[in-house]
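Please read the structure below before turning to the comments.
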Amino acid sequence: MGFWKSLWRWPPRWRWLLIPLGGWLALLMGMVAWAGFNGVMHATSTNEFCYGCHIGTDTVVEEYQASAHFSNEHGVAATCADCHIPHEFVPKLITKAKATADVYHQLVGTINLENFESHRGEMAEAIWRDMASNDSRACRTCHDPTRWEPALQSVRAQNSHNPTFWQEKGMTCIDCHRGVAHRLPR
Ligand code: HEC
Ligand code: HEC
Ligand code: HEC
Ligand code: HEC
């Protein structure tokens with residue numbers, strides 16, 4: 001009995017404090033990691049971040065800056081991320097993870113001002129497919145058809161926005177509205 005007892009002695013009382021202390025430390029480290037993660041997620045969603053690579057290698061930034069989605073009479077604008085990065089947590093993570101491949105392409109110069117037009121078609125097609133498959137989710141975060149006033153829209157828009165006209169055909173925003181921020185591929 002004396003032998004077993006010598007293996008385990010209750011620690012002095014003050015050491016019990018270390019247990020909650022460990023808990024607080026773990027919590028603190030978790031908070032710092034979470035803040036860092038959010039910081040990275042945020043920093044990689046700014047226009048400046050996108051400009052860093054897309055100015056000088058293609059012409060999408062300049063075209064966006066000439067569009068109504070960059071500036072208009074209301075001063076309400078869409079950022080690159082608003083249209084290209086999902087808001088929902090998991091799809092956002094997937095998009096960001098996939099985009100890390102672009103770092104490689106940027107470094108080796110896969111796309112440049114000379115060959116951009118010849119690659120543009122494939123990239124646009126992929127984006128259109130994606131938007132058609134998610135019912136133009138990105139567009140709908142700002143444009144909500146349950147809130148627009150048809151009477152204030154042009155006659156052409158009113159005719160086309162009649163839901164029975166397009167929902168029955170399985171159409172979505174991107175089927176009619178391409179090139180809303182960039183020139184269309186040739
Ligand atoms: C590290 C450089 C870099 C940064 C930063 C960057 N891109 Fe790109 N991006 C590229 C390259 C290079 C390509 C061409 C991809 C390829 O060659 O496959 C590309 C392609 C794209 C495409 C078309 C193909 C696709 O994957 O859908 C979109 C859309 C795009 N980028 C949007 C953005 C947005 C939005 C941002 C900012 C949140 C951004 N990019 C930031 C380098 C970058
Ligand atoms: C971050 C919010 C936001 C997102 C996301 C967004 N838009 Fe817009 N959209 C706007 C604003 C703001 C205007 C300008 C309204 C004005 O001119 O007063 C606009 C204007 C438009 C116009 C009319 C002007 C033009 O360029 O022809 C169309 C069409 C349009 N958006 C379609 C789309 C489509 C399609 C998508 C998805 C690919 C989309 N929008 C995504 C906010 C957004
Ligand atoms: C069947 C084709 C079609 C579909 C689908 C469609 N639109 Fe349109 N939209 C149009 C046409 C045509 C116009 C008028 C363009 C013009 O007058 O130059 C228009 C105009 C607009 C405008 C500008 C309104 C104005 O009067 O200034 C916005 C914003 C817009 N659409 C957003 C959307 C969004 C968001 C969706 C998806 C929820 C969508 N549209 C679905 C065809 C469509
Ligand atoms: C209003 C939504 C919207 C905004 C804002 C927007 N894009 Fe796009 N982007 C699109 C759509 C839709 C396409 C698919 C082609 C098309 O319809 O123009 C596209 C295509 C692209 C492509 C593929 C090449 C091409 O032209 O098809 C790249 C690269 C790209 N965008 C990057 C960016 C960057 C970088 C920004 C910010 C400077 C940005 N986009 C802002 C909607 C947007």
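Counting starts at 1 for both ligands and their atoms, in listed order. Numbers here are sequence positions counted from 1.
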**Report entry** H105 and I111: CA distance, side-chain angles, deciding distance, side chain to side chain contact (heavy atoms under 4.5 Å, CB included) verdict
**Finding:** CA-CA 7 Å; H105 288 294; I111 307 273; 5.9 Å; no
Query raised in the report: Taking it one step at a time, do T59 and F116 satisfy side chain to side chain contact (heavy atoms under 4.5 Å, CB included)?
Result: CA-CA 8 Å; T59 53; F116 173 57; 3.5 Å; yes
Report task. Could you please spell out the steps behind the side chain to side chain contact (heavy atoms under 4.5 Å, CB included) verdict for M131 and T172? Result -> CA-CA 9 Å; M131 289 189 173; T172 180; over 6 Å; no
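At least one heavy atom of T44 sits less than 4.0 Å from an atom of ligand 1. Under a 4.0 Å heavy-atom criterion, V60 is in contact with ligand 4. Distances from ligand 4 to the non-hydrogen atoms of P185 include no value under 4.0 Å.
For a threshold of 3.5 Å applied to N or O pairs, the pair formed by G179 and ligand 4 contains at least one separation below that value. In terms of polar-atom proximity, W128 is counted as a contact of ligand 4, with an N or O under 3.5 Å from an N or O of the ligand. For S154, a nitrogen or oxygen atom sits less than 3.5 Å from a nitrogen or oxygen atom of ligand 3, counting backbone and side chain alike. Of the polar atoms of H161, at least one N or O is found under 3.5 Å from an N or O of ligand 3, judged by distance alone. Polar contact with ligand 4: present for R120 (N/O pair, distance under 3.5 Å). For the pair R140 and ligand 3, the shortest N or O to N or O distance does not fall below 3.5 Å. At least one N or O atom of H182 sits closer than 3.5 Å to an N or O atom of ligand 4.
A donor-acceptor distance shorter than 3.5 angstrom exists from the side chain of R140 to the backbone of D135, with no hydrogens or angles considered.
Of the protein's non-hydrogen atoms, H143 CB, 3.2 Å is the one closest to atom 35 (C) of ligand 3. Given atom 18 (O) of ligand 3, the protein heavy atom at minimum distance is R156 NH1, 3.5 Å. The nearest protein atom to atom 13 (C) of ligand 4, hydrogens excluded, is given as I127 CG2, 3.8 Å; this is a heavy-atom distance. From the protein, the heavy atom lying nearest to atom 42 (C) of ligand 3 is S160 CB, 3.3 Å. Regarding atom 2 (C) of ligand 1, its nearest protein heavy-atom neighbour is C53 SG, 1.8 Å.
Counting atoms of ligand 1 from 1 in the listed order, those under 4.0 Å from a heavy atom of M123 are 23 (C), 24 (C). Which parts of ligand 1 touch C80 is read off a 4.0 Å heavy-atom cut-off, strictly below it: atoms 35 (C). Against a heavy-atom cut-off of under 4.0 Å, H69 is close to the following atoms of ligand 4: 1 (C). Atoms of ligand 1 found under 4.0 Å from any heavy atom of T110 (numbered from 1 in listed order, with element): 17 (O). The contact set between ligand 1 and F49, taken as ligand atoms under 4.0 Å from a residue heavy atom, comprises 5 (C), 37 (C). Heavy-atom contacts of I85 reach the following atoms of ligand 1: 38 (C) (cutoff under 4.0 Å).
Among the backbone and side-chain atoms of C173, no N/O/S atom is found under 2.8 Å from atom 8 (Fe) of ligand 3. Among the backbone and side-chain atoms of C176, none of the N, O or S atoms lies under 2.8 Å from atom 8 (Fe) of ligand 3. Between atom 8 (Fe) of ligand 4 and C83 there is no N/O/S contact shorter than 2.8 Å. Because the distance cut-off is set at 2.8 Å, C50 fails to qualify as a neighbour of atom 8 (Fe) of ligand 1, as none of its N, O or S atoms comes that close.
Of the candidates H177, Q153, E149, Q153 brings a heavy atom nearest to atom 25 (C) of ligand 3. Between atom 21 (C) of ligand 1 and the options H54, Q106, H105, the minimum heavy-atom separation is to H54. The closest non-hydrogen atom to atom 20 (C) of ligand 3, taken over A157, C139, S136, comes from A157.
Counting heavy atoms under 4.0 Å from ligand 4, residue R178 touches it through both backbone and side chain. With a 4.0 Å cut-off on non-hydrogen atoms, H84 touches ligand 4 through its side chain and not its backbone. For I174, every heavy-atom contact with ligand 4 shorter than 4.0 Å involves the side chain, none the backbone. Heavy atoms of A124 found under 4.0 angstrom from ligand 4 belong to the backbone as well as the side chain. Contacts between F70 and ligand 4, counted as non-hydrogen atom pairs separated by less than 4.0 Å, are absent for every part of the residue. Residue-level proximity to ligand 3 for T172 is carried by the backbone, the only part with a heavy atom below 4.0 angstrom. Under 4.0 Å from ligand 1, the heavy atoms of I111 that appear belong solely to its side chain. Contact annotation: for T57 versus ligand 1, there are no heavy atoms closer than 4.0 Å.
Between the side chains of T79 and D82, at least one donor N or O lies within less than 3.5 Å of an accepting N or O.
Atom 4 (C) of ligand 3 is flagged as protein-proximal [any protein heavy atom, distance under 4.0 Å].
At a threshold of 4.5 Å between non-hydrogen side-chain atoms, the residues S45 and K96 count as touching.
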